Q: 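Pasting a structure below so you can have a look.
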Number of protein chains: 2
Amino acid sequence: MAVTIKHVAKAAGVAVGTVSRVLAKNKTVNEEIRIRVEDVIQELGYKPNSIGRSLRLNKTDLIGLVIPDITNPFFAELAKHVEMLASAEGYSVLLANSHDDPAAEQQQVQALLGRLPSGMILVPVSESVIGDLVRGKNTVTVDRPLKGQTLVGVDNRRGGYLAADHLLSLGHRRIAYMGGPPALDVARERREGFVGRIREFQQKNPSQSLAFQTVDGNFDYRAGEELGNRLLRQEGPHRPTAIATASDQQAIGLMRATADLGLSIPNDLSIVGFDDIPLASLVLPRLTTIRQPLAEIARIALDAILNRPSVTKECKLEPVLVERNSTRAWSVR
Amino acid sequence: MAVTIKHVAKAAGVAVGTVSRVLAKNKTVNEEIRIRVEDVIQELGYKPNSIGRSLRLNKTDLIGLVIPDITNPFFAELAKHVEMLASAEGYSVLLANSHDDPAAEQQQVQALLGRLPSGMILVPVSESVIGDLVRGKNTVTVDRPLKGQTLVGVDNRRGGYLAADHLLSLGHRRIAYMGGPPALDVARERREGFVGRIREFQQKNPSQSLAFQTVDGNFDYRAGEELGNRLLRQEGPHRPTAIATASDQQAIGLMRATADLGLSIPNDLSIVGFDDIPLASLVLPRLTTIRQPLAEIARIALDAILNRPSVTKECKLEPVLVERNSTRAWSVR
DNA sequence: CTGTTAGCGCCTTCAT
DNA sequence: ATGAAGGCGCTAACAG
């Protein structure tokens, strides 16, 4: 058995309570004794047992993180930031994937909750099932909302708006929007923001002709490629000169479809993504996209969990347009 | 306070020991009593407290996973498989990033060890520092070796060999190899395997002219692009017609450099990667690569940790060549 | 077959 | 300022 507080106490000739106080840096400990105890701790190589501590205190130094899929670059980046911040504060993170499956999500959340974490950061998949599971559980939700739970994320409408605005101001008048799964609020909001800016333009410039269409699908590469093919196979005046997507992964899939058809980006087609995953600045051409401030999101989420007082019911951060090389001005040809 | 085994016992009119036995599915419990206890558990919504359990049993249901960077698709995939398998067995995984920094790694490992995990899966960064930290700790090492620790990974030499063999049999005679950081065993082994096949060919076909060169760098996209530029800017007969890389990320960076120079893959240049990350089959053209059986690796690693007996000191899995569209036969032109 | 009980390692109150 | 002791929730050994 490992060395415990008892061994230290005996070796130092004091009571366990005193050792505990030394550990807790309690000021009411005699200097001389403190030194002695610390020496013994060094000598014996004593390491506090976090389980005993947790049992007594009825809390752990664990943060649960439940995301759909760690393989998704966006969530990987979120996880990385959360882990960095958490470990800097002495917390460890419990990782669980829900695979976008409500049943799996429920099971994972239950499992984590059983470990009595200090808090939980959740990117929820199912609205209802999870809802009362986490009620009153010091949970914060990222990216997707959950009734009654603090949400931290980006202002998706604003993001969609920015994308549309960028394309419009570049002179594009044949535009398509590739949305995410309509079942997800995030996806709907991004699209609404985008469509909103389009409508706004149409009302202000009723004389200008503007072709606009929408498709929906999953957030992944494959969907981007498939939907892209559908969009781009339209001949002549129906084919858009610019497409905005609801995720960078879609955008990258779309880039592939574009190349497949022998079209050039940004000469024949402008593309703007969403998220700004690391890969976005590494593909060719570098992807213009709507950046989510993930480090910030992670920081706020963790803050909300560690210092309960400062919780707000909703925290929408400002997305920002990152102009790179996948978009270009369009003049009628 | 939550409902404990005591509450259940009182409500069911039995002793705590009996409840514990019901929970443990101990067969020696009277059917009738078992039912009653289970009903009460349902009714009260009792959830076993894993901390009390851990304290008593002196073990947790936690698996530590320490990797360089969750943002790296290869490690993300590893993490995903580990997490899936672990949670299927009732374990949760503690995630920590070492950021390829020995000091951070040491701190992370210490922090995780303090949580008394059942075991730890480690992709080590530093040989020495971590060595005695995990000695005797039920640790298994993945991808990179650590003295005295079980290693599960792919046979890197064999992987390198396969890549070279593929290129050679395709008829390429101007070949380059882009290696990983020479400080890493993995990188060295892959290169040795590759070079080995090249030498073998040269000895068996002394009359054939064969140009071969090597460059080294990091495993990431950026290194792939930079090294690729260096390799491809060589004019005429010095420019390779095929390049193998030590990682898919390098290969994808290289693809970008290739496109930048107006070269076509696989017409002007064949490329073979290493790892087979998800993105490898999504880039254009789809990347021919050496596949690491990650699901298998995760399974074996976890097995080694959960059933100590079956540990072997080293487990080298067979990599497999996945032929896609980034390689093509080369005839002298 | 079931009840009772003794800790697991730690913190904290209550005396001293 | 320090020691003694109780108890967090649970399991396992022992007694009945």
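Source: prediction; values computed, not measured. Chain naming here is simple, since letters A, B, ... match the order of the sequence lines and numbering starts at 1 in each.
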Q: Might you confirm whether atom NZ of K10(B) has over 12 heavy atoms from other residues, nucleotides or ligands at distances under 6.0 Å?
A: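 Check fails, neighbour count at 12 or below.
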Q: Base, sugar-phosphate, or nothing for N58(B), non-hydrogen atoms under 4.0 angstrom?
A: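 If one applies the 4.0 Å heavy-atom cut-off, N58(B) turns out to touch nothing in the nucleic acid.
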Q: To the nearest angstrom, how far is I51(B) atom CD1 from dC8(C) atom C1'?
A: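 Going from I51(B) (CD1) to dC8(C) (C1'), I get 14 Å.
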Q: To the nearest Å, give me how far apart CZ (R115(A)) and P (dG9(D)) are.
A: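 To the nearest whole Å, that distance equals 18 Å.
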Q: Figure out the CG/C1' separation between L55(A) and dG7(D), and round it to whole Å.
A: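 Rounding to the nearest Å, CG of L55(A) and C1' of dG7(D) are 9 Å apart.
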Q: Of all residues at least two apart in sequence or in a different chain, which pass the side chain to side chain contact (heavy atoms under 4.5 Å, CB included) check with S20(B)?
A: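 Applying side chain to side chain contact (heavy atoms under 4.5 Å, CB included) to S20(B) gives I5(B).
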Q: Taking side chain to side chain contact (heavy atoms under 4.5 Å, CB included) as the definition, give me every residue that meets it alongside R21(B), ordered by chain and number, with sequence neighbours left out.
A: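 T18(B), N26(B), T28(B), V29(B).
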Q: Looking at dG3(D), I'd like to know if its phosphate oxygens (OP1 or OP2) sit under 4.0 Å from a side-chain N or O belonging to T18(A).
A: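 So the side chain of T18(A) is within the cut-off, an N or O lying under 4.0 Å from OP1 or OP2 of dG3(D).
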Q: Taking any heavy-atom pair under 4.0 Å as a contact, classify L57(B): base, sugar-phosphate, or nothing.
A: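 Sugar-phosphate only.
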Q: In residues 23-48 of chain A, which ones come under 4.0 Å of DNA chain C, going by heavy atoms?
A: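 By residue number: Y46(A), P48(A).
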Q: Could you work out, with salt bridge (Lys or Arg N to Asp or Glu O under 4.0 Å) as the rule, every residue matching D100(B), not counting sequence neighbours?
A: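 Partners of D100(B) under the salt bridge (Lys or Arg N to Asp or Glu O under 4.0 Å) test: R144(B).
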Q: Quick test of your reading of the model: are K80(B) and E77(B) salt-bridged, counting only N-O distances below 4.0 Å?
A: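 Salt bridge: no.
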Q: Can you tell me the distance, in whole Å, between the CD1 atom of I5(A) and the P atom of dT12(C)?
A: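 I5(A) atom CD1 is separated from dT12(C) atom P by 11 Å.
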Q: Polar atom pairs between nucleotides 13-16 of chain C and protein, under 3.5 Å, N or O only, would you list them?
A:
none

Q: Can you identify which nucleotide, out of dT5(C), dG3(D), dC8(D), has its nearest atom closest to the V14(A) side chain?
A: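 Of dT5(C), dG3(D), dC8(D), dG3(D) is nearest to the side chain of V14(A).
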Q: Check whether more than 12 heavy atoms from other residues, nucleotides or ligands sit under 6.0 Å from atom NZ of K316(B), and answer yes or no.
A: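 Enclosed.
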Q: Between T141(B) and Q149(B), is a side-chain hydrogen bond (donor to acceptor under 3.5 Å, both in side chains) present by the stated rule, with each step listed?
A: CA-CA 7 Å; T141(B) 263; Q149(B) 235 42 64; over 6 Å; no
Q: With N97(A), which of N72(A), T71(A), I67(A) fulfils side chain to side chain contact (heavy atoms under 4.5 Å, CB included)?
A: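 The option that passes is I67(A).
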Q: Can you name the salt bridge (Lys or Arg N to Asp or Glu O under 4.0 Å) partners of R188(A), sequence neighbours left out?
A: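 Result, salt bridge (Lys or Arg N to Asp or Glu O under 4.0 Å) vs R188(A): D185(A).
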Q: Mind calculating the distance between NZ (K10(A)) and P (dG3(D)) to the nearest angstrom?
A: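 After rounding, the gap between these two atoms is 15 Å.
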Q: Using a 4.0 Å heavy-atom cut-off across all strands, classify T4(A) as base, sugar-phosphate, or nothing.
A: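 Sugar-phosphate, backbone atoms only, no base.
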Q: Could you please name the option among dC10(D), dT12(C), dG9(C) that lies closest to any side-chain atom of R53(B)?
A: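 Closest nucleotide to the R53(B) side chain: dC10(D).
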Q: Tell me: CG of D61(B) to P of dC10(D), nearest whole Å?
A: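 After rounding, the gap between these two atoms is 14 Å.
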Q: Specify the separation, in whole Å, of atom CG of N49(A) and atom C1' of dC8(C).
A: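 Atom CG in N49(A) sits about 8 Å away from atom C1' in dC8(C).
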